[in-house]
Novice: 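Shown below is the structure under consideration.
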Protein chains: 2
Amino acid sequence: MADVEDDRMALLRFVERFGLVLREAGMAPMPARVLAYALADDADHYTAGDLARGLGVSPAAISGAVRQLVQVGLLVREREPGTRSDLYVLDDRDLWSRFMTAELASLRRFEEAVAGGVELLGTERPGGRRLAETRDFMAFLHGELVDALARWPAERDRLAAERNGAPVPR
Amino acid sequence: MADVEDDRMALLRFVERFGLVLREAGMAPMPARVLAYALADDADHYTAGDLARGLGVSPAAISGAVRQLVQVGLLVREREPGTRSDLYVLDDRDLWSRFMTAELASLRRFEEAVAGGVELLGTERPGGRRLAETRDFMAFLHGELVDALARWPAERDRLAAERNGAPVPR
DNA sequence: CACATGCTTCACGAACTTGTGAAGTGTGTT
DNA sequence: AACACACTTCACAAGTTCGTGAAGCATGTG
């Protein structure tokens, strides 16, 4: 049954590849790997040990990673009574909506920083005008993203219905 | 005229603050500072020396930073005939639209990485299904962003007209 | 109540990143 | 033609980040 081993390797390769993209998007390496792994592996909940063994890293590394993921809401920590380990579950319904909602907070900081600059410089000088336009664009984008996220659930259901309503005939 | 000095300090403080936000968004420190400075200062073009002196850093640091900024299209390099230095101009019209358009490429990589995972895992297993939904969301978001960016120029003009057409009465 | 287990915290070594100074390169000036 | 100036490249030192191993801390189990 080397196939199982091969699958595991393939999964880990994907985890690294996807993790890299997540890192480029600003996520720390270890949380990125854990997230990718929890997404792509088939379990619906993981203990810290599962993650450590699955990824082949030390439990210490997992500890920090899950803390961050829980903090930003990408992972939920649960506790089954009569057990010694926390369970981490990837609440996959609307996962990415929630992720993006969190990202919007950083866009918000962006807006605030720029608004502070506009206040500092006024809108008469060229620099101030450029900043003001930047601020306007960020506000616009923010609004558009909020709208888009609000549309997603409906779009998601539409896609699902489409696939179920006209499944591949056999 | 310590006021001028104070203004310079205030500007540099803003540059650091804004630069920090840009770094959180994934930009390297030096390019972030240069971009913030070029945006907020009043000149409409800068030599490498202007930037180095203005920011109080070595010319060497500027060299690398502007190269990156030029590469992603945030800064344009120009050459006036009969002069020894390149001029860097912040083409501020649609600057952020272009920036976001570039960002979309990274979203694209995201989509590709996830699509690869779906291909690897199939859509029958839980992990594969989660990845498929992720892919769908990213595609949706991509489309929405493209639409939003297409709407920006009109929105921008609308805002400008509004401000000019109905200026604050006094 | 002692023990085993699983997670967490901490301090460290390795790897990477950043900006500098110094040397090099090209371009206009005298 | 030699010089001066402005930028670029390069090698390095300082600082930062990352994941590990070891020790500590809970929490069930015999």
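The figures that follow rest on heavy atoms only: side chains count, while hydrogens, waters and symmetry mates do not. Chain identifiers are assigned alphabetically (A, B, ...) following the order of the sequence lines, protein sequences preceding nucleic acid strands; residue numbering begins at 1 within each chain. These numbers were taken from a predicted model, which means no experiment stands behind them.
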Novice: Rounded to whole Å, please give me the gap between CG in A/L87 and C1' in C/dC7.
Specialist: 13 Å
Novice: What's A/S85 touching, base or sugar-phosphate or nothing? Going by heavy atoms closer than 4.0 Å.
Specialist: sugar-phosphate
Novice: Any ion pair linking A/R135 and A/E111 (charged N to carboxylate O, less than 4.0 Å)?
Specialist: no
Novice: With a 4.0 Å limit, can you tell me whether B/R67 has a side-chain N or O closer than that to the phosphate oxygens OP1/OP2 of D/dT9?
Specialist: yes
Novice: Would you classify A/P59 as touching base, sugar-phosphate or nothing, given that sugar-phosphate means primed atoms plus P, OP1 and OP2, and contacts are heavy atoms under 4.0 Å?
Specialist: base
Novice: Which sits closer to the 5' end of DNA chain D, A/G82 or A/A60, going by the nucleotide each is nearest to?
Specialist: A/A60
Novice: Side chain of A/A61: nearest nucleotide among D/dT20, C/dG26, D/dT8?
Specialist: D/dT20
Novice: Rounded to whole angstrom units, what separation is found between the CG atom of A/D86 and the C1' atom of D/dT27?
Specialist: 11 Å
Novice: Charged N to carboxylate O under 4.0 angstrom, B/D41 versus A/R125?
Specialist: no
Novice: So that I can tick it off, tell me whether A/R158 and B/D136 are bridged by a salt bridge, with the cut-off set at under 4.0 angstrom between side-chain N and carboxylate O.
Specialist: no
Novice: Rounded to the nearest Å, what distance is computed from the CZ atom of residue B/R84 to the P atom of nucleotide C/dT29?
Specialist: 6 Å
Novice: Want to settle it: does A/R79 or A/A28 sit nearer the 5' end of DNA chain D, counting the closest nucleotide to each?
Specialist: A/A28
Novice: Output the single nucleotide from D/dC7, D/dG19, D/dA4 whose closest atom is nearest the side chain of B/A48.
Specialist: D/dC7
Novice: Between B/T47 and D/dA6, does any side-chain N or O lie under 4.0 Å from OP1 or OP2?
Specialist: no
Novice: Please give, in whole Å, the distance from D/dG19 P to A/M27 CE?
Specialist: 13 Å
Novice: What is the distance, to the nearest angstrom, from the CG atom on A/L20 to the P atom on C/dC16?
Specialist: 13 Å
Novice: In whole angstrom, give the distance that lies between atom CG of A/L69 and atom P of C/dT8.
Specialist: 13 Å
Novice: Side chain of B/Y88, heavy atoms from C-beta onward: which of D/dT8, C/dG26, D/dG28 has the nearest atom to it?
Specialist: D/dT8
Novice: Check for a donor-acceptor pair, side chain of A/T83 on one end and backbone N or O of A/E80 on the other, with a separation under 3.5 Å.
Specialist: no
Novice: From the options D/dT9, C/dT8, D/dT29, select the nucleotide whose nearest atom is closest to the side chain of B/S63.
Specialist: D/dT9
Novice: Measure the distance from CD on B/E80 to C1' on D/dA6 and round it to the nearest whole Å.
Specialist: 16 Å
Novice: Determine whether more than 12 heavy atoms belonging to other residues, nucleotides or ligands lie under 6.0 Å from atom CD of A/Q71.
Specialist: no
Novice: Are OP1 or OP2 of D/dC18 and a side-chain N or O of A/R23 less than 4.0 angstrom apart?
Specialist: no
Novice: Quick one: is D/dG19 close enough that its OP1 or OP2 comes under 4.0 Å of any side-chain N or O from A/R33?
Specialist: yes
Novice: Could you check how far CD of A/E16 sits from P of D/dC18, rounded to whole Å?
Specialist: 14 Å
